[in-house]
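Worksheet: the structure to be examined is printed underneath.
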Amino acid sequence: MTLTLIAAEKVLSDNFAPWVLDLGLSVASVEAHEAVLRLPWSDRLAREGGGLSGQALMAAADTATVIAVAAARGGFVPMTTVQQSISFQRPVVGTDVLVRARLTKAGKRMAFADITMTAEGTEEPAAHATAVYALLG
């Protein structure tokens with residue numbers, strides 16, 4: 001059972017630390033093994049030089065993966081990040097970022113994800129991440 005957009009937004013609002021919620025993430029779409037979140041541009045998230053900070057992109061990738069796992073499971077289940085790796089490919093300045101987390105494998109105890117982050121209006125990745133999660137419930 002795939003999550004509805006409303007249910008995915010509830011997973012987001014109910015299961016993350018306040019500082020993650022302060023990023024302003026919203027769920028743009030959700031499918032059986034995929035979630036797309038929008039990270040809105042904010043000067044508060046910019047680093048020196050004006051580009052969106054890597055820390056904000058890492059947190060957004062991690063959060064999108066949780067929503068993708070919840071989509072695959074039909075709702076939130078306890079989980080924890082085991083590994084996350086990211087490559088920054090180009091800066092994002094002055095625009096929102098779309099964060100697409102797609103599960104490449106969703107087993108009983110582990111989930112593996114591929115995450116692509118693009119500046120809105122472009123197809124070229126700004127960053128690419130992979131993540132591994134342990135499913136605890």
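Throughout, residue positions are numbered sequentially from 1 according to the sequence presented. Scope of the values below: all heavy atoms of this structure, side chains included, with no hydrogens, waters or symmetry mates.
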Quick one: closest heavy-atom pair of [X] and [Y], and the distance?
| X | Y | result |
| --- | --- | --- |
| Ile86 | Met117 | CD1-CE, 3.6 Å |
| Met79 | Ala70 | CE-N, 4.5 Å |
| Met110 | Ala134 | SD-CA, 3.9 Å |
| Ala8 | Ile67 | O-CD1, 3.9 Å |
| Ala127 | Phe88 | CB-CD2, 4.0 Å |
| Ala64 | Ala35 | O-CB, 3.9 Å |

Are [X] and [Y] linked, directly or through other ILVMFWY residues, by side chains that come within less than 4.5 angstrom of each other?
| X | Y | result |
| --- | --- | --- |
| Val20 | Val77 | yes |
| Val11 | Leu5 | yes |
| Leu37 | Leu103 | yes |
| Ile115 | Leu135 | yes |
| Val97 | Trp19 | yes |

Can you tell me how far apart OG1 (Thr65) and CZ (Arg100) are? Round to the nearest 0.5 Å.
13.0 Å
Nearest-0.5 Å distance, OG of residue Ser53 to CE of residue Met58:
11.0 Å
Side-chain heavy-atom pair Val66, Phe16 within 4.5 angstrom cut-off:
yes
Just wondering, do Leu45 and Leu39 contact through their side chains at under 4.5 Å, heavy atoms?
yes
Partner residues of [X] under the side-chain hydrogen bond (donor to acceptor under 3.5 Å, both in side chains) criterion, sequence neighbours left out:
| X | result |
| --- | --- |
| Asp22 | none |
| Arg102 | none |
| Lys10 | Asp14 |

Holding to side-chain contact (heavy atoms from CB on, under 4.5 Å), I want the full list of residues that pass it with Asp62, two or more places apart in sequence or in another chain.
Thr81, Gln84, Tyr133
For the pair Asn15 and Leu12, evaluate side chain to side chain contact (heavy atoms under 4.5 Å, CB included) and give the outcome as yes or no after the intermediate values.
CA-CA 6 Å; Asn15 294 286; Leu12 180 61; over 6 Å; no
I'd like to know whether CG of Leu136 has more than 12 heavy-atom contacts from other residues, nucleotides or ligands below 6.0 angstrom.
yes
Does CD in Gln83 sit with more than 12 non-hydrogen atoms of other residues, nucleotides or ligands closer than 6.0 Å?
yes
What residue pairs, at least two apart or across chains, pass side-chain hydrogen bond (donor to acceptor under 3.5 Å, both in side chains) with a residue in residues 104-116?
Asp114-His128
Could you name each residue pair satisfying salt bridge (Lys or Arg N to Asp or Glu O under 4.0 Å) that touches residues 38-59, not counting sequence neighbours?
Arg38-Asp96, Arg38-Glu120
